[in-house]
Each structure stands twice: as C-alpha cells, then as structure tokens.
Number of protein chains: 2
Amino acid sequence: MDKSSSLRLNGRIWIETEKGRLLGRGRVELLERIQASGSIRQAAMQMKMSYRQAWEYVKILNEGFGAPLVMSVRGGKGGGNAILTEKGIETIQQFHALNAKLQLFLAENQNL
Amino acid sequence: MDKSSSLRLNGRIWIETEKGRLLGRGRVELLERIQASGSIRQAAMQMKMSYRQAWEYVKILNEGFGAPLVMSVRGGKGGGNAILTEKGIETIQQFHALNAKLQLFLAENQNL
DNA sequence: TTGCGTTATTCATTTTAAAACATAACGTTT
DNA sequence: AAACGTTATGTTTTAAAATGAATAACGCAA
C-alpha cells in the first residue's frame with residue numbers, strides 16, 4: 001500500500017571504462033539518429049547539439065569500444081555520410097535491453 | 001560466458017519531483033555527515049563542498065520532501081547545530097535499501 | 001558585554017562545460 | 001574546374017555552475 005506522493009524513483013545506467021562514461025541515453029540516441037539519417041550532422045541537428053560535439057562523441061565511442069561503432073566517409077555523393085557498423089547496431093540493442101530491465105526495476109520500486 | 005573487457009555497466013538512482021532531482025548519492029552522504037557531525041558546515045568541509053551549497057541542498061531537501069529532513073539551530077553552544085529528523089533518518093535508510101538493489105541489478109548484468 | 005562558531009543569505013569571482021565560429025579536406029555532381 | 005554538403009578539427013565565445021568572500025543573526029560561554 002503506497003503512500004500518495006509526488007516523489008518518484010528514477011535512474012540511469014551507462015557503460016563506462018576506467019576513463020569514465022562511455023555510452024548512455026544521449027549517445028545511444030545519437031547513434032540511432034546517425035543510423036536513421038546516415039549523417040552525423042543531421043543527427044546532431046535533430047538533437048539540437050553542435051556538430052562539433054556529436055563528432056567528438058562518435059570519436060570517443062569508437063575509441064572506447066576498441067572497434068568503431070560508426071564509420072564515416074567525407075566527400076562524394078551528398079558530401080559524405082556515416083553508417084553504423086554491426087558492432088554499433090549490436091551495442092544499441094544491448095543498451096536497450098539493459099535499459100528495459102532498469103525501467104522494470106524502477107517500476108517495481110516506485111513504492112515511496 | 002562473458003567476453004573479457006574493460007567495459008563495465010554502472011548506474012545511479014535518485015528520488016525526484018516534477019521539479020527535478022531531489023535526493024541521490026551525494027545528498028545522502030551529506031545527510032549522513034550532518035547526522036554524524038551535528039553540523040552542516042562540518043559535513044560540507046568533509047565533502048570539500050562549500051557551506052553555501054550544502055546549506056542550499058538542505059533547503060531543497062526540506063522543501064522537496066514536504067517535511068524537514070534536517071532541523072537546524074543557530075547561536076547557542078558551539079554556535080549552532082543541525083540534526084536529522086526521524087524522516088531524515090528513514091529517508092537515508094530507504095535510499096540505501098533501493099541503492100543496494102540497484103547494485104545487485106548492476107552486478108547481475110555485468111555480462112558485456 | 002565581548003568573543004566564538006555556527007546558521008543564514010547575498011553578491012562577486014572563478015571554473016567548467018557547451019555552443020558557436022572558422023577553416024580545411026574530400027569526392028561526387030554539374 | 002567550380003559548387004555542394006559533409007566530415008574533420010582547432011579556436012573563440014557564451015552560458016551555466018560552483019566557489020569564495022562578505023555580512024548579518026543568533027545564543028551560549030567566559
């Protein structure tokens with residue numbers, strides 16, 4: 001029997017290395033938008049973040065995971081493009097699976 | 001069978017209201033140090049945070065929970081002091097219980 | 001009644017993080 | 001060969017957050 005309350009339990013998970021946070025909510029969304037648009041720039045614009053930062057995130061991700069999650073080309077048709085590697089796609093799925101479990105955990109412990 | 005990796009799943013939980021985050025790791029530690037020292041200033045010093053901020057956190061907590069977690073007096077013996085209310089003590093315990101469950105969850109999902 | 005150490009609060013300064021700006025490089029397309 | 005749109009990167013500006021400094025209020029203790 002829960003007390004009525006405006007309080008709510010919330011939380012986040014992320015994948016990290018000894019160097020710090022590597023992949024969380026925001027970067028997963030970035031990866032998904034890169035996948036959908038084929039462009040780092042478009043993904044950044046959609047998320048209202050600077051291309052500069054989006055590009056840096058991609059760099060950090062590729063280095064942090066030891067293998068690229070995103071492969072990009074410059075020049076050519078459309079000016080260039082970016083696509084997710086198999087590992088990138090898998091990583092997104094993995095994060096979603098973990099996050100779904102977290103949401104379950106949070107829902108189960110909403111008894112404040 | 002987990003792949004060997006330097007990657008690690010981590011996470012945090014907190015209690016929030018519609019106005020934003022209210023109580024997480026750091027503020028719980030602050031409460032505990034206030035409890036142990038009887039002083040907001042001492043607690044702040046121990047955590048290497050400014051009294052200014054510690055005091056503000058206490059204010060936000062007291063307002064956010066609808067009832068004070070910390071009661072303070074100024075003047076008198078020692079210059080003043082701060083103690084936790086029953087609700088403050090309960091809230092700490094509640095957070096620890098939730099956080100212990102989270103740690104379990106994280107440990108169970110370390111298979112990266 | 002003076003001093004002490006703390007709570008309480010405002011204001012200025014510093015630090016940090018993010019955004020914005022500016023170019024260069026690149027390879028299709030026209 | 002010029003234009004285009006993107007990747008790639010360094011530099012500058014801006015905005016947000018934390019810190020530090022300053023001051024008042026307070027009540028006990030000496």
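All heavy atoms count here, side chains included; hydrogens, waters and symmetry mates do not. A note on names: the letters A, B, ... follow the listed sequences, proteins ahead of strands, and every chain is numbered from 1.
The separation between B:Met71 atom CE and C:dT6 atom P is 20 Å, rounded to whole Å. Per the geometry, CD1 belonging to A:Ile83 stands 15 Å off C1' belonging to D:dT6, to the nearest Å. Distance, B:Asn81 CG to C:dC4 P: 20 Å, rounded to whole Å. The interatomic distance linking A:Ile34 (CD1) with D:dA8 (C1') rounds to 14 Å, in whole Å. Between A:Lys48 atom NZ and C:dA18 atom C1' there is a gap of 16 Å when expressed in whole angstrom units. If you take CD of B:Gln46 and P of C:dT6, they are 12 Å apart, rounded to a whole angstrom. The CZ atom of B:Arg52 sits 16 Å away from the P atom of C:dT13 (whole-angstrom rounding). A:Trp55 places its CH2 atom 6 Å from the P atom of D:dG10, with the value rounded to the nearest Å.
When atom types are taken as modelled, the side chain of B:Gln110 and the backbone of B:Leu106 share a donor-acceptor pair closer than 3.5 angstrom. Within the 3.5 Å criterion, the main-chain N or O of B:Pro68 finds a donor-acceptor partner in the side chain of B:Thr85. Side-chain atoms of A:Asn99 never come within 3.5 Å of backbone atoms of A:Phe95 as a donor-acceptor pair (strictly under, hydrogens ignored).
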All N/O pairs under 3.5 Å across the protein-nucleotides 23-26 of chain C interface:
from	atom 1	to	atom 2	distance (Å)
C:dC26	O2	A:Gly75	N	3.1

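A single hydrophobic cluster is not seen to contain both B:Ile34 and B:Met45; linkage of ILVMFWY side chains at heavy-atom distances under 4.5 Å, directly or through other members, places them apart. A single hydrophobic cluster is not seen to contain both B:Trp14 and B:Phe105; linkage of ILVMFWY side chains at heavy-atom distances under 4.5 Å, directly or through other members, places them apart. Taking hydrophobic clusters as Ile, Leu, Val, Met, Phe, Trp and Tyr residues chained together by side-chain heavy-atom distances below 4.5 Å, B:Val70 does not share a cluster with B:Val73.
The side chain of A:Tyr51 approaches D:dT9 more closely than any other nucleotide in the set D:dA18, D:dT9, C:dT6. With D:dC28, C:dA19, C:dT6 as the candidates, the nucleotide lying closest to the side chain of B:Gln42 is C:dT6.
The side chain of A:Ser39 places an N or O atom within less than 4.0 Å of a non-bridging phosphate oxygen (OP1 or OP2) of D:dT7. For the OP1/OP2 pair of C:dT6 and a distance below 4.0 Å, the side-chain nitrogens and oxygens of B:Ser72 include no atom meeting the criterion.
A salt bridge links A:Glu16 and B:Arg8; the closest N-O separation between the charged side-chain nitrogens and carboxylate oxygens is under 4.0 Å.
In terms of the side chain to side chain donor-acceptor pair (under 3.5 Å) criterion, residue partners of B:Glu29 (sequence neighbours excluded) are, by chain and number, B:Arg33.
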(message) Just to be sure I follow the notation: if a pair is Watson-Crick (purine N1 to pyrimidine N3 plus N6-O4 or O6-N4) or a G-U wobble (N1-O2 and O6-N3), each under 3.5 Å, what dot-bracket string does DNA chain D give, with | for pairs to another strand?
(response) ||||||||||||||||||||||||||||||
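Both B:Gln53 and A:Ile40 lie close to DNA chain D; mapped to their nearest nucleotides by heavy-atom distance, the more 5′-ward contact belongs to A:Ile40.
Using a 4.0 Å heavy-atom distance criterion, A:Glu56 is classed as making no nucleic acid contact.
Across B:Thr17 and B:Gly64, no two heavy atoms sit closer than the pair CG2-O, 4.2 Å.
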